[in-house]
There are 2 protein chains.
Amino acid sequence: MKKIDILKKLRSSGLRPTKQRVEIAKFLFEREKTFHFTVESLNKLLSKKSGSKIALATIYNTVHAFKTAGHLSEVEVRGNKTYFDTNVSNHHHFYDSETSELIDIDANDIIIQKLPKVPNGKKIKNVEVFINLKN
Amino acid sequence: MKKIDILKKLRSSGLRPTKQRVEIAKFLFEREKTFHFTVESLNKLLSKKSGSKIALATIYNTVHAFKTAGHLSEVEVRGNKTYFDTNVSNHHHFYDSETSELIDIDANDIIIQKLPKVPNGKKIKNVEVFINLKN
DNA sequence: ATCTAGTTTATAATTATTCTAAAGTGAAAA
DNA sequence: TTTTCACTTTAGAATAATTATAAACTAGAT
C-alpha cells in the first residue's frame, strides 16, 4: 500500500496524519493478508517493531476512528477482549479456541439456503457465521 | 420445573443447594420460554423480585458453574457484557442492537448449504449464526 | 448436636477501556 | 517561513465488568 493511500485512510477517517497515526496505519494496512488483532496485541507488536511507545489511548482512538470510517471491522469472539479485522468485506470466521486465533472465511465459501422470518418491522443488517474449531 | 429438578441442576453442576443458589436456579429455570440475561440484569431482576440481596460474586459463581455444567450457554454479543441463555440446545440468534435484545432462532430455521474446508487437523465444534437486525 | 468442608459476602484486586488535562504539533494564514 | 491555534498525544486517573480474598456462615455427614 502506497504512502498516499495511508494518508487517504487517515483523512477519510477524519484523522490528521500525525507520526503516531501514520505508524499505526502503515502497520495495519501495508500487508498482503488480512490481519486480526486486539488493541493489546497491536500495542505489543508496534512497540516490538519500532521500539516506539505509542500511548494506549492513541491506539484506542485511532483504531476506533478506523472502525467508524469502515477501514476496520470488529469481530465478536468469546471472551473479554475486542478483536479487529483489516478485512472489511462481508465475510465469516473460524475461531480456534486452542490458539485464540481467528481465520477469515470468504463470503462465497458459505451458502445459507434457508433463513428464518425476521421479527416485525425489522430488517437484516448482516449475517455472521462463526465456526468454532476443536482439535 | 419441579423442585427436584432444580436440585438436580445444582447437584449436576457440583453445587450444594444453598438458599441463594436455589433462588437463582428457580429464577433461571422455572420458565416456559428461554431467557437471555447478563449478570447485571439477572442481579437487578433477582433483587426486584425477592428483595433479597445476593452478592454479585455469588451470582457470578453460580452462573459460571451452570455454564460449565452445560445448563446455560454463553452468547457472543458486540459490546462489553457477557450474555447467557437458558437455551442450551444447538440454535442461533437474532440481535437487535437498537434494543440490545437477543432472540433465539431454532436450529432448523437456518440451513447452511455450503461450508468451507476446515483448517488442517481441526474439526468443527459448532457453527453459530448471528443475524444483526436494523429497523 | 457437633464438626468440617464448602459457601456467602463485602471489599479489594484485576483487566479492558475511556476520560482528563497538560504539554506538544500539524497545517492554515500571514 | 513564522505564527498561531485547534487538534493530538500522553501519562495517569476514572470507570466498568469480572475475579480474588478472607472472615463469617451453613449444609449435611457423623
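None of the values given here were measured: they were computed from a predicted structure. Letters go in sequence order (proteins before strands), and every chain restarts at 1.
- Within 4.0 Å of A:T38, counting heavy atoms only, lies no atom of the nucleic acid at all.
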Reading nucleotides 2-10 of chain D from 5' to 3' and marking B where a protein heavy atom lies under 4.0 Å of the base, S where only the sugar-phosphate is that close, and - otherwise, the string is -----BSSB

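- Taking CD1 of B:I54 as the start and CG of B:N61 as the end, the distance is 12.0 Å to the nearest 0.5 Å.
- When atom types are taken as modelled, the side chain of B:N43 and the backbone of B:V39 share no donor-acceptor pair closer than 3.5 angstrom.
- With sequence neighbours left out, B:D104 forms a salt bridge (charged side-chain N to carboxylate O under 4.0 Å, His left out) with no residue at all.
- Aromatic rings from B:F66 and B:F29 are positioned such that their centres are separated by under 6.0 Å.
- If you take CD of B:E40 and P of D:dA16, they are 10 Å apart, rounded to a whole angstrom.
- No chain of hydrophobic side-chain contacts below 4.5 Å, direct or via other Ile, Leu, Val, Met, Phe, Trp or Tyr residues, connects A:V129 to A:V75.
- Here chain A contacts DNA chain C (any atom closer than 4.0 Å to a heavy atom, that is under 4.0 Å), and the contacts span C:dA16 to C:dA27 from 5' to 3'.
- Between A:H71 and A:S12, the side chains place a donor N or O and an acceptor N or O closer than 3.5 Å (distance only, hydrogens not considered).
- Side-chain contact annotation: B:D106 with B:N108, donor-acceptor N/O pair under 3.5 Å present.
- Remark: the B:K122 side chain and the A:N135 side chain contain an N/O donor-acceptor pair separated by less than 3.5 Å.
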